[in-house]
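By convention in this document, chain letters (A, B, ...) are assigned in the order of the sequence lines, proteins followed by strands, and residues within each chain are numbered from 1.
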There are 2 protein chains.
Amino acid sequence: MNKNYMRAIPKQWATASKVFVALGDKHRQRILLTFDRGERLNVGQIVEVSTLSRSAISHHLKILHDADILLSEKIGKEVYFWVNRPVLDETLQNVLDYIRKNT
Amino acid sequence: MNKNYMRAIPKQWATASKVFVALGDKHRQRILLTFDRGERLNVGQIVEVSTLSRSAISHHLKILHDADILLSEKIGKEVYFWVNRPVLDETLQNVLDYIRKNT
DNA sequence: TATATATAACTATATAATTAAATATTTGGT
DNA sequence: ACCAAATATTTAATTATATAGTTATATATA
């Protein structure tokens, strides 16, 4: 029994924790699934296919960006977002390794 | 661009979605991490090492149980919980496969 | 009856959504 | 080049909603 884990998430879990919190929302899961392989989408394109307002989408994109799940770049007036595959891959692989080793 | 994903989570994502929502909470992440390999813990033991009240722990355990992350069995007066490794493993592996294939 | 856990009712808090205002960039007219 | 208008996005303020936590009560078992 890892008693101390009930007090604080260990450092090596910080990234995974952030990712789970950010993806613990159906809208944000949907946003993630909307991206095709290697695709970059701007805010307007995501708003267009969603049922949410511009600012709600903007808010969710910020959370995904803060969690390092999405990367972004401003080109002209538009801000393009894309999936940060390396971080997602590594994070999920780490969690999976942990599960296999410790459960 | 998977336009329809913005309207609803596809069926094959239902389990993963549930798991992410359930683990999108730091207390529940901590509860999960508290279990050692193959260990079964009853509610009292988890309450003992946590900062939360009995009923708060009970509430979080219910959410983890509903999401199939924990399994439980009542033995006498106590209810023992343990990690549902196969489901967690399969779910995370599916998400990882998806990420590798589609991002 | 005593003990372990779960549930209900309520309160507190955090998160989400909306509308309106602000910021940044491009475009077009002069 | 300069300035106003148009467009894309973000931020702020407010309101709405959902989730979490607590205390008290209920259920089940020894």
Nearest atoms (heavy-atom pairs only) where [X] meets [Y]:
X: B:Phe35; Y: A:Asn2; answer: O-ND2, 3.7 Å
X: B:Ser72; Y: B:Val79; answer: CB-CG1, 4.0 Å
X: A:Val95; Y: A:Ala16; answer: CG2-CB, 3.7 Å

Check whether B:Tyr98 and A:Phe20 end up in the same hydrophobic cluster, where Ile, Leu, Val, Met, Phe, Trp and Tyr are linked by side-chain heavy atoms less than 4.5 Å apart. yes
Kindly work out whether a path of hydrophobic side-chain contacts (I/L/V/M/F/W/Y, heavy atoms less than 4.5 Å apart) joins A:Val49 to A:Val43. yes
Atom [atom1] of [X] to atom [atom2] of [N]: distance rounded to whole Å?
X: B:Ile63; N: C:dA6; atom1: CD1; atom2: P; answer: 13 Å
X: A:Leu64; N: C:dA16; atom1: CG; atom2: P; answer: 10 Å
X: B:Leu61; N: C:dA4; atom1: CG; atom2: P; answer: 16 Å
X: B:Tyr80; N: D:dT29; atom1: OH; atom2: C1'; answer: 14 Å
X: A:Glu48; N: D:dT9; atom1: CD; atom2: C1'; answer: 15 Å
X: A:Glu78; N: C:dT23; atom1: CD; atom2: C1'; answer: 16 Å
X: A:Lys74; N: D:dA8; atom1: NZ; atom2: P; answer: 12 Å
X: B:Lys62; N: D:dT19; atom1: NZ; atom2: C1'; answer: 14 Å

Just by modelled atom types, is the B:Asp25 backbone N or O under 3.5 Å from a matching donor or acceptor in the B:Arg30 side chain? no
Quick one: which of D:dT11, C:dT5, D:dG21 gets closest to the side chain of B:Leu52? D:dG21
For the side chain of A:Lys77, starting at C-beta, report the closest nucleotide among C:dT5, C:dT25, D:dT10. C:dT25
Distance check: side-chain N/O of A:Asn42 vs OP1/OP2 of D:dA8, anything under 4.0 Å? no
Should the pair B:Phe81 and B:His65 be assigned to parallel (<30°), tilted (30 to 60°) or perpendicular (>60°) ring geometry? perpendicular
Over 60° means perpendicular and under 30° means parallel, so tell me whether A:His27 and A:His60 are parallel, tilted or perpendicular. tilted
Flag side-chain contact, heavy atom, 4.5 Å: A:Gln29 against B:Tyr5: no
Heavy atoms only, 4.0 Å cut-off, all strands: where does B:Ile75 land among base, sugar-phosphate and nothing? nothing
Please list, in numerical order, the residues of residues 24-36 of chain A that have a heavy atom closer than 4.0 Å to any atom of DNA chain C. A:Asp25, A:His27, A:Arg28
Quick one, which residues of residues 53-60 of chain A touch DNA chain C with a heavy atom under 4.0 Å? A:Ser53, A:Ser55, A:Ala56, A:His59, A:His60
